[in-house]
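Single-structure report; data block below.
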Amino acid sequence: MPKPRPIRRDFFARSVHEIAPELIGATLLVGGVGGRIVELEAYHHTDPAAHSYNGVTERNAVMFGPPGTVYVYRSYGIHWCLNFVCEPAGSASAVLIRALEPTEGLARMRRRRGLSEERLLCSGPGRLAEALGVTHAHNGLALDRAPFELYARTEKPDIAVGVRIGITKAAELPWRYGIAGSRYLSKPFK
DNA sequence: TATGAGATCAACT
DNA sequence: GTTGATCTCATAC
């Protein structure tokens with residue numbers, strides 16, 4: 001195995017549409033627990049589905065901050081969802097990390113998630129956050145500092161593209177990316 | 001395999 | 001009061 005190369009914050013100071021496919025296959029750890037990113041979605045500030053579309057609120061404030069920052073929001077009143085802020089500060093764009101192939105800290109993930117088969121540990125944004133212990137306490141933290149670790153992929157996977165999941169606004173935009181055929185996706189690609 | 005309810009909160013109308 | 005970047009469990013087919 002080649003030595004993993006850390007991804008630094010400046011990686012994120014570009015178009016979210018360039019970043020999103022490049023992050024597929026990267027390794028994300030939180031407190032040493034995590035795995036390979038197999039699915040994510042892009043949200044651009046000009047996109048009606050983005051939280052930042054209607055301007056700053058208390059919830060989405062970190063989206064308007066510097067790139068390479070972690071944005072965590074509560075979903076459906078129940079779950080936490082993990083995002084990485086992209087583009088130059090003020091652009092308020094982000095990628096939602098939707099699924100991981102678990103590789104590190106399997107035992108801790110299982111404990112946090114309760115009895116659960118490996119395939120379901122991180123296959124969805126809410127599940128992923130629970131398995132990695134991500135909460136609002138992580139909102140606004142830098143991605144290249146503890147407890148976060150992010151490493152570039154060593155090989156380019158076969159990347160699938162599709163429409164985003166669970167949204168009604170701008171639902172037709174093909175801004176969901178994933179590893180084609182991975183069994184850890186929240187849903188298969190068409 | 002598919003559909004539906006419930007959990008529970010921030011933003012918006 | 002309604003909706004939403006969700007998940008789990010129950011019930012129906």
Side-chain angles (χ1 to χ4, degrees), chain A residues 12 15-17 19-21 23-24 26 28 30 34-35 37-65 67 69-87 91-102 108-141 143 159-179 182-190:
Chain A
F12 292 94
S15 162
V16 68
H17 300 302
I19 296 167
L23 274 179
I24 295 296
L28 168 69
V30 181
I37 297 174
V38 299
E39 179 185 346
L40 55 74
E41 290 173 353
Y43 287 86
H44 192 253
H45 64 288
T46 57
D47 157 20
H51 286 170
S52 52
Y53 184 66
N54 288 312
V56 189
T57 66
E58 193 172 340
R59 175 176 72 160
N60 68 20
V62 317
M63 282 188 80
F64 291 81
T69 305
V70 171
Y71 167 50
V72 181
Y73 68 91
R74 197 186 283 275
S75 170
Y76 289 89
I78 306 287
H79 304 101
W80 299 108
C81 290
L82 172 66
N83 299 253
F84 301 161
V85 177
C86 298
E87 310 213 354
S91 290
S93 301
V95 290
L96 167 69
I97 310 302
R98 289 192 54 90
L100 299 183
E101 174 184 337
R108 286 178 71 186
M109 289 194 244
R110 271 193 243 273
R111 205 174 313 134
R112 286 173 177 147
R113 294 267 299 122
L115 292 178
S116 182
E117 55 178 302
E118 180 181 324
R119 191 180 65 80
L120 296 177
L121 283 177
C122 301
S123 59
R127 293 167 173 164
L128 182 160
E130 186 176 31
L132 270 53
V134 169
T135 70
H136 64 124
H138 297 91
N139 192 38
L141 297 183
L143 257 178
I159 296 179
V161 178
V163 296
R164 296 173 293 181
I165 293 178
I167 58 172
T168 54
K169 293 173 244 177
E172 73 288 355
L173 297 176
W175 289 354
R176 175 179 179 235
Y177 301 88
I179 296 184
S182 169
R183 58 190 287 258
Y184 298 97
L185 297 172
S186 65
K187 278 184 158 178
F189 285 84
K190 281 255 175 93

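Computed over heavy atoms, backbone and side chain alike; hydrogens, waters and symmetry mates excluded. A note on names: the letters A, B, ... follow the listed sequences, proteins ahead of strands, and every chain is numbered from 1.
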Using whole Å, what does the distance between atom [atom2] of nucleotide [N] and atom [atom1] of [X] come to?
X        : N      : atom1 : atom2 : value
A/Leu40  : C/dA5  : CG    : C1'   : 12 Å
A/Lys187 : C/dT8  : NZ    : P     : 14 Å
A/Glu58  : B/dC12 : CD    : C1'   : 15 Å
A/Asn139 : B/dC9  : CG    : C1'   : 15 Å
A/Glu41  : C/dA5  : CD    : P     : 10 Å
A/Arg59  : C/dT3  : CZ    : C1'   : 11 Å
A/Tyr53  : B/dA11 : OH    : P     : 19 Å
A/Met63  : B/dA11 : CE    : P     : 13 Å

### C/dA5 to B/dT13 separation - P atoms, rounded to the nearest Å
14 Å
What nucleotide, of [options], holds the atom closest to the side chain of [X]?
X        : options               : result
A/Arg127 : C/dC7, B/dA7, C/dT6   : C/dC7
A/Pro125 : C/dC7, B/dA10, C/dA5  : C/dC7
A/Asn54  : C/dA5, B/dA10, B/dC12 : B/dC12
A/His79  : C/dA5, B/dA7, C/dT6   : C/dT6
A/Arg113 : C/dT8, C/dG4, B/dA11  : C/dT8
A/Ile78  : C/dA5, B/dT8, B/dA11  : B/dT8
A/Thr57  : C/dC7, C/dT8, B/dA11  : B/dA11
A/Tyr76  : C/dG4, B/dC9, C/dC7   : C/dG4

Counting distance only, does the side-chain N/O of [X] pair as donor-acceptor with the main-chain N or O of [Y] below 3.5 Å?
X        : Y        : value
A/Ser93  : A/His45  : yes
A/Arg112 : A/Ala131 : yes
A/Glu130 : A/Arg113 : no
A/Arg164 : A/Ala42  : yes

How would you label the contact of [X] with the nucleic acid (heavy atoms, under 4.0 Å): base, sugar-phosphate, or nothing?
X        : result
A/Ser186 : nothing
A/Gly126 : sugar-phosphate
A/Arg176 : nothing
A/Arg164 : nothing
A/Asn60  : nothing

When both distances are under 3.5 Å in a Watson-Crick or G-U wobble arrangement, the nucleotide paired with C/dA12 is B/dT1
Pairing partner of B/dA11, by Watson-Crick or G-U wobble and under 3.5 Å for both distances, is C/dT2
Any side-chain N or O of [X] below 4.0 angstrom from OP1/OP2 of [N]?
X       : N      : result
A/Arg98 : C/dT6  : yes
A/Arg74 : B/dA11 : no
A/His51 : C/dA5  : yes

| message | Under 3.5 Å, is there a donor on one side chain and an acceptor on the other for A/Glu39 and A/Ser186? | response |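 A/Glu39 vs A/Ser186: donor-acceptor pair found between side chains.
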Indicate whether any N or O donor in one side chain lies under 3.5 Å from an N or O acceptor in the other, for A/Ser15 and A/His17. no
Inset, instruction - Apply the test side chain to side chain donor-acceptor pair (under 3.5 Å) to residues A/Arg127 and A/Ser123: give CA-CA distance (whole Å), side-chain angles for both, the deciding distance (0.1 Å), then the verdict. - result: CA-CA 6 Å; A/Arg127 293 167 173 164; A/Ser123 59; 3.2 Å; yes
Q.
Distance criterion of 3.5 Å, no angle test: do you see the side chain of A/Tyr73 paired donor-to-acceptor with the base of C/dA5?
A. yes
